[in-house]
Structure formats: C-alpha cells, structure tokens
Protein chains: 2
Amino acid sequence: MLADTPVESPCPPLLRRLRKFVDPGPDDLAALALLTRDRRQADAGTCLLREGDSGRAALLLCSGWAMRERSLPDGRRQIMEFLLPGDMCDPGSFVTRRADSSVLAITAVQYVRVAPDLLMDALRRAPGLGLCLWWMAAQHAALMRSHLLAVGRLDARERVAGLVWELARRLDLIADGPPRVYRMPLSQDLIADATGLSVVHVSRTLCGLEREGVLHRHGGSWQILSRRRLRALAKPGIDWPQALPESLRHGGSRVGTTDDTPC
Amino acid sequence: MLADTPVESPCPPLLRRLRKFVDPGPDDLAALALLTRDRRQADAGTCLLREGDSGRAALLLCSGWAMRERSLPDGRRQIMEFLLPGDMCDPGSFVTRRADSSVLAITAVQYVRVAPDLLMDALRRAPGLGLCLWWMAAQHAALMRSHLLAVGRLDARERVAGLVWELARRLDLIADGPPRVYRMPLSQDLIADATGLSVVHVSRTLCGLEREGVLHRHGGSWQILSRRRLRALAKPGIDWPQALPESLRHGGSRVGTTDDTPC
DNA sequence: CGGACTGTTGATCAAGGTCAACCTCTGTGG
DNA sequence: CCACAGAGGTTGACCTTGATCAACAGTCCG
C-alpha cells in the first residue's frame, strides 16, 4: 500500500489548498509525496520553461513567485498568470508537443519537476489524485476566464484592483492565517504586462487607489485598507476557488460513484 | 468488451479531430459513442448553461455554433470562446459547484449532454478516453492563452484578423476538405465582445481588411483572399492544435507507458 | 408598408499610451 | 563616507487608438 510509505513533507501550500477544497485520501497524499522527489531551485529571473520547449514536465511551485507569459517578437508580452507556492503549472504539457508560453521565476524559487511517467504511474495507483488534478485544472481555467474578462472588458482601475484582490485572496488560501499585510514581489512592470496596461498608467492607477485610501504600499508590502471598496472594484470575483462538490468529496481514492468498492 | 457494442455515429467532427491528433483506440471510440446517448437540440439564442448554475454536465456540441461568455451586471460582457461542432464544453464543470460562465447557442444546435457518472464510468473502462479529454483540455487552455494575449496586447486589426484566422483554421480541422469559403454566423456584435472592441470599431476594422484585399464577406460567408497577410496579422498563432506526442500515440487504451499490458 | 436588426460612416471625445524629466532607493566601489 | 550607477517609481505634456453618439442604408420578415 502506498499509504504507509514514509512521507517527506512535499509542499505545504498545496496540501493546505487541497485539504480545504478537495479532501484527498491518504493514498492520494502519499502518491503526491512520492511525486516531489525531484526538488530544484532557481534564482530570480530564471526561465523554468521556455516557449517552444519540448521537454515535457509539470512544475510544482513550492516556494517563491513565478509567472507564465507569452511574448511577441516585437517585445510586447502578456503575463498569463502569477504562480504562487502550491501552484501546479500545467500538467497539460504532457499531452502537448511544445510549450506555448514560458514560465519565469520572479523571486528565487523552489520547485519540483514532475516527469510524465512518474505522474502517470501515480495516477494509475491513486485515482483520487486524478480528481485533485482535475479540480486544480478547473479552478485554473476559471481563473484564466476571469483574466480574459478583466483584460477585455474592465477599465484600468478595475483591472489593477482586481489583480491585487485576486493575489491577496490566493495568498490567504496558502497561508494559515490571512495576513494583514501581503508580501507581493510585483514590479509595476509586471502588473502592466499582466493587465494589458502601460507601466505609466499602472503607476497612476495605483497612486489613485492609494490616494483614495483603498490600499497602501511600502516596499514589497501591500496593505488593503478598504476590503469593501477593493472588492467592489474587482468585479469578476465570483466565488473562487470553489470546493469540490459534496458528491465527490470524502472519497479519498473513490472517483465519484456512490458504491464503496475501491478503484 | 466495449469494442463491439453497436456504435451509432456519435459526433463526426469530434472524431475527425481526435483521429487526426490523438489516435484513440477502438475501445475509446466505443466508449465515446456510448456517451452520446442524451442528444438534444436548441434554437439559436438559447442558453445551454447559465452562469451560476449548479447542474453539472459536460456538453458536446455536434452541430451549429455556440459561445461561452461571462457578463457583468452593467451589461459589459466578454465572449471567452466560440464553440464549433466537435467541441467539448468543459468537463471541468464536474469538479466545480457553480458555472462561472454561460454557454449560449449562436445558431440552432444539436448537442449531447454528458452526465458526470456516465463519463466517470466510461473513463474507468476506457482509460484512453482520459487521454483524449486531457489532450482536448490542454489544447483548449492554449487557445485561451492566445485569446488573453490577443485581448491584452494586440491592436484592433490584429485581434480581428486573429479571430478570423483562428476560426477558419478550426473550421478546416472539422471539415474533410478545407473550404474556400467559410460559413461563419458571426454578427459584428459577437466579434466585438470576443475581441474586447466596440461594434463600431469592428465594422471599421473589417471594412479596412476588406478594402486592403485581405478578406471578403458576403452574408455569412467569409473568404480569405490573402492567406499570407491574414496570417501575418494574426500573430499569436503558434502551431495549433498540436498532435499528441509520439510516445503517447498509437496507444489506444494505453496510457503513456511503454509496456503493453492493458490498463 | 413599416419595423427590427445588422452594418456603415462621420463627428467628437476620452482612456490610456508615449516620451521625457525627475525622484527615491539600494547597492557598489573608491 | 561619499560618488555614482541602475532599477523602479512618479509626474507632466502631448498624442493616438478606439469608444461613443448619431444618422443612415440594406435586408429580412410579418
């Protein structure tokens, strides 16, 4: 049985998230722990995965911040998402020939590189893990849709506020207690490329929000002064992330049926 | 064995796509056919899935066009994607409590509603089906990233050209021979909400492209006059979609290992 | 024939981009 | 200890893209 192999603490932020929303069984957790053998680290600015690469592997971010971006020959670029500790960065690459976007470390990071066959193996042994991945992928897709809505239809204030709100919420999820001050290693340059604005306008917008007493920045520390107003600005929030539906929870390795026979 | 249950032709466009890129085994195809029992149809304008709904089911579009959109209380909306015949519209809803976006029929459509346990069952019996879904999800995610790049960093001409280019390519994939004239039931209103532009500006942009001899419209028929120039405008194309990597193909029900024992 | 819907065109306006100067840190080397 | 460089941030002036408003032209349909 997988359940009693020695478990070296794999990735606390991820576990915290999964426990809260998906409720994986002990076998699944053990299988997950086995995936995290190939630990690595990288300095800020390093490219963990380059657009066009064919080296197929999923990345699991354990500490630090990273981002996924796609850029054009002329220098324009769009940041697709910021990756926080506990984020699994596309297992989709397994079924794809070349990466369509790059992943860059924003700060120094620790991460795990998961090879395809390792994951496939784990999936076969602990089917509940598949559910976890599926859930993460679904949450991720919803987040991408929020970004698309933001960039396509919100104005500058809303986009910037939305980004700050999103990141604060995501940090809440992986911290044990929601902090009053958030550490966010974001240059305005990054915010601009994530929101589709220019650096200058991001500066203006942030100053505006600060002047109105919505938030306060100092160094890399962000404080949300008016949760209410920030949230109101960050429209597309819906309730995110959502827990796995009841019918699928408390199942451990069970995959969504009502009968109790394992596998 | 599933392989010899009678197969009522399920959804030709989907099969065409899968055969070309994923190469599913006979068991997988049979399992797929069994999923398509709950056939339905809907008129243009009908809402197939409403934002906030908790009814969890995947939709498989068999004929006609649909779209996924998300809208704000004040009327702004963003179209996330257009759904063409053969598109599977988020099996992600299975692991989610409420839909974060709506799916609307653009034309009259035929579609299949796949219930969660039906799919879960099929996945257990024909594991290769999981690979198909995984592949589709990965392609879909890449497409969403293209949209995000477009809306965030491309100008109006590039966005509109990009959309036309994308749709033409996708139509090619599900047709047997690439047509010289594409039927696209797109009002400029839809194009606007998909590209994050205003209707008026879409009109101007399209007229511009037409004046320059890049494309030609008449009624719902679109003709690409200069493939080269349209493609050049539609930057973010990468090569999409990508076939499944060799190591995973020709596997039928095998899931990415080299040994031949089934399951 | 009249209305609804979609597309086109012109005039005007505003959100946000661009360019450039300047400022504040922080770290580095003399 | 100071001088300096470089990165990131702020501010102002000006310009451009695309939004908005409004009028009008086709087309479809009862």
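Computed from a predicted model, the values in this text were never measured in an experiment. Here is the naming used below: chain letters follow the sequence lines, and residue numbers restart at 1 for every chain.
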* Structure fact -> When A:H140, A:R170, A:R68 are each screened for side chain to side chain donor-acceptor pair (under 3.5 Å) with A:D87, the one that passes is A:R170
* Note down the inter-axis angle between the two ends of the helix from C:dC1-D:dG30 to C:dG30-D:dC1, five pairs each, to the nearest 10°. => 30°
* To do: Begin with the C-alpha distance, continue with both residues' side-chain angles, and end with the deciding distance and a verdict on side-chain contact (heavy atoms from CB on, under 4.5 Å) for B:V164 and B:I191.
  => CA-CA 9 Å; B:V164 174; B:I191 300 180; 5.9 Å; no
Please determine, by modelled atom types, if [X] and [Y] share a side-chain donor-acceptor pair under 3.5 angstrom.
X	Y	answer
A:Q223	A:H218	no
B:R98	B:S54	no
B:R70	A:S146	yes

Might you list the N or O atoms of the protein lying below 3.5 Å from N or O atoms in nucleotides 25-28 of chain C, with each pair's distance?
none

* **Separation of D:dG8 P from A:D193 CG (nearest whole Å)** => 13 Å
* To do: Classify every nucleotide of nucleotides 6-16 of chain C by which part a protein heavy atom approaches to under 4.0 Å, writing B for the base, S for the sugar-phosphate alone and - for neither, in 5'-to-3' order.
  => -SBBBB----B
* **Criterion side-chain contact (heavy atoms from CB on, under 4.5 Å) on A:L48 and A:R40, from CA distance to verdict** => CA-CA 10 Å; A:L48 308 184; A:R40 308 185 170 199; over 6 Å; no
* To do: Determine, step by step, whether A:L154 and B:L72 satisfy the side-chain contact (heavy atoms from CB on, under 4.5 Å) criterion, reporting the C-alpha distance in whole Å, the side-chain angles of both residues, the deciding distance to 0.1 Å, and the verdict.
  => CA-CA 10 Å; A:L154 301 188; B:L72 296 168; 3.5 Å; yes
* Is the B:W65 ring parallel, tilted or perpendicular to the B:F82 ring (thresholds 30°, 60°)? -> tilted
* Asked: Do B:M88 and B:L14 have side chains that get closer than 4.5 Å, going by heavy atoms?
  -> no
* **Exam field: side chain A:E210 to backbone A:R217, donor-acceptor pair closer than 3.5 Å** => yes
